[in-house]
Amino acid sequence: MSIASPAHWPGGCRSASAASSAKAASSSPLTSSMSSATVTLFVVGKRGREVLDRILPGFTGWLMSDGWQAYRHFPRRLRCWAHLTRKAQGLIDSYDREAQAFGHQVQNAFDILIGAIHAARDGPPVDLPTLHAALLVELHAACVRLLGHRHAKTRALAVELWNDWDAIFRVLDNPQWPITNKDAERALRHWVIARRIMMGTRCEAGSRTFTLLSSVIETCRKRGHVPWPYLAVVIAERRAGREAAPLPAPVPGL
């Protein structure tokens, strides 16, 4: 799970997705919380609402998420479209004709809306929900029709779209908001790979060290600083029995 807050979002915005290491690595899911200037990684024992309440206590901003049900109690939420278009492509690649047809319908709808969002970002204000009302009505009707479909993945995507309809298409009201959580996933991906390569952290102290170091490194990078000089100063200060230096402030203009 990763959580991010791009700088161009309104205040208090974050996004979320999930990643976990293979069981062979003997590791719990790896989670990152990322704002526009800070990255914090966590190792969590399991995915559940109690984990979100610990990571985001009292959070009232906008949350970008995937389709995990635990996110649904956040009233101000957006959905990552990349997760949905990947599932649509999966239906297109299936051998079920009705699944293929629904996959094409979903993919075509998102392609049109993505193009409209990018055009709205560069052009004058436009009422996207009204402009594309017919497309949205047609897609919603298809979802309702397929809620009980015999093909499991077709049914699953229809249910997901139907359940999260408002969160998915809320971005049409404000095209400047992001439509994916790619920044959060990119911040998390190479740490998941690194942990797999070293076969997991193996103990609680190792997990804490891994997440602390990765959090500091990613935060320094996000703030426009090379992390190694800062880490050298922190190690020297702590060895001398002094408090660690605060994280460097973001470079102006980033």
Side-chain angles (χ1 to χ4, degrees), residues 2-18 32-37 39 56 59-68 71-72 74-92 101-146 157-189 222 250 252-254:
S2 55
I3 304 167
S5 166
H8 59 279
W9 286 30
C13 293
R14 303 193 172 200
S15 82
S17 71
S32 74
S33 175
M34 186 174 75
S35 71
S36 59
V39 181
L56 298 173
F59 179 70
T60 58
W62 285 97
L63 179 74
M64 164 77 80
S65 77
D66 58 19
W68 185 33
Y71 296 126
R72 291 182 183 166
F74 290 100
R76 306 174 73 190
R77 189 165 58 91
L78 306 175
R79 279 293 311 273
C80 174
W81 285 18
H83 288 83
L84 297 167
T85 55
R86 283 198 294 267
K87 292 176 182 179
Q89 186 61 51
L91 295 184
I92 293 171
F102 183 53
H104 279 295
Q105 182 178 5
V106 173
Q107 187 66 67
N108 291 340
F110 277 104
D111 286 344
I112 292 171
L113 294 174
I114 288 170
I117 287 171
H118 287 301
R121 290 174 179 175
D122 300 329
V126 59
D127 185 354
L128 293 180
T130 300
L131 184 63
H132 296 282
L135 181 150
L136 293 170
V137 168
E138 184 178 356
L139 180 60
H140 190 271
C143 292
V144 172
R145 186 178 69 253
L146 296 170
L157 182 55
V159 169
E160 184 173 357
L161 290 167
W162 183 76
N163 275 333
D164 255 358
W165 189 266
D166 291 340
I168 292 168
F169 296 109
R170 188 171 282 133
V171 68
L172 297 177
D173 294 321
N174 191 333
Q176 299 305 319
W177 286 353
I179 55 178
T180 72
N181 60 355
K182 63 180 181 180
D183 291 337
E185 292 203 349
R186 285 174 180 171
L188 182 62
R189 184 176 296 117
K222 194 161 188 63
L254 278 182

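- Panel note: side chain Thr130, backbone Asp127; no donor-acceptor pair is recorded below 3.5 Å.
- Looking at Gln107 and Ile92, their side chains come closer than 4.5 Å, going by heavy atoms from C-beta outward.
- Residues Pro175 and Leu128 form a side-chain contact, since some pair of their non-hydrogen atoms from C-beta on lies under 4.5 Å apart.
- Ring geometry for Trp62 against Trp177 counts as tilted: the plane angle lies between 30° and 60°, on a 0 to 90° scale.
- Summarising the geometry of His132 relative to Ala116, their closest heavy-atom pair is NE2-CB, 3.4 Å, with the distance given to 0.1 Å.
- Contact detail for Leu136 and Pro129: the closest heavy-atom pair is CD1-O, 4.2 Å.
- In this structure the side chain of Val106 reaches within 4.5 angstrom of the side chain of Leu139, judged on heavy atoms.
- Within 6.0 Å of CH2 on Trp162 lie no more than 12 heavy atoms contributed by other residues, nucleotides or ligands.
- Between atom NE2 of residue His104 and atom CG of residue Asp111 there is a gap of 11.0 Å, rounded to the nearest 0.5 Å.
- The backbone N or O of Ile168 sits less than 3.5 Å from a side-chain atom of Trp81, completing a donor-acceptor pair.
- Every residue was checked against the side chain to side chain donor-acceptor pair (under 3.5 Å) condition with Arg170, not counting sequence neighbours, and none meets it.
- You'll find the side chain of Glu160 reaches within 4.5 Å of the side chain of Leu84, heavy atoms only.
- Each of Asp166, Asp66, Asp164 was scored for a salt bridge (charged side-chain N to carboxylate O under 4.0 Å, His left out) with Arg77, with one residue passing: Asp164.
- Taking each heavy atom of Asn181 and Cys80 in turn, the nearest pair found is OD1-SG, 3.2 Å.
- Here the side chains of Phe110 and Ile179 are not in contact, with every heavy-atom distance at 4.5 Å or above.
- One finds the CG atom of Leu172 at 10.0 Å from the CG atom of Leu131 (value rounded to the nearest 0.5 Å).
- The structure places CZ of Arg79 at 12.5 Å from OG1 of Thr180, a figure rounded to the nearest 0.5 Å.
- Arg86 is linked by a salt bridge (Lys or Arg N to Asp or Glu O under 4.0 Å) to nothing, counting only residues two or more places apart in sequence or in another chain.
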Could you check Asn163 against Arg72 for side chain to side chain contact (heavy atoms under 4.5 Å, CB included), going step by step and ending with a plain yes or no?
CA-CA 9 Å; Asn163 275 333; Arg72 291 182 183 166; 3.7 Å; yes
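- Counting non-hydrogen atoms of other residues, nucleotides and ligands closer than 6.0 Å to CD of Glu138 gives a total of 12 or fewer.
- When every heavy atom of Cys143 is checked against every heavy atom of Ala158, the shortest pair comes out as O-CB, 3.6 Å.
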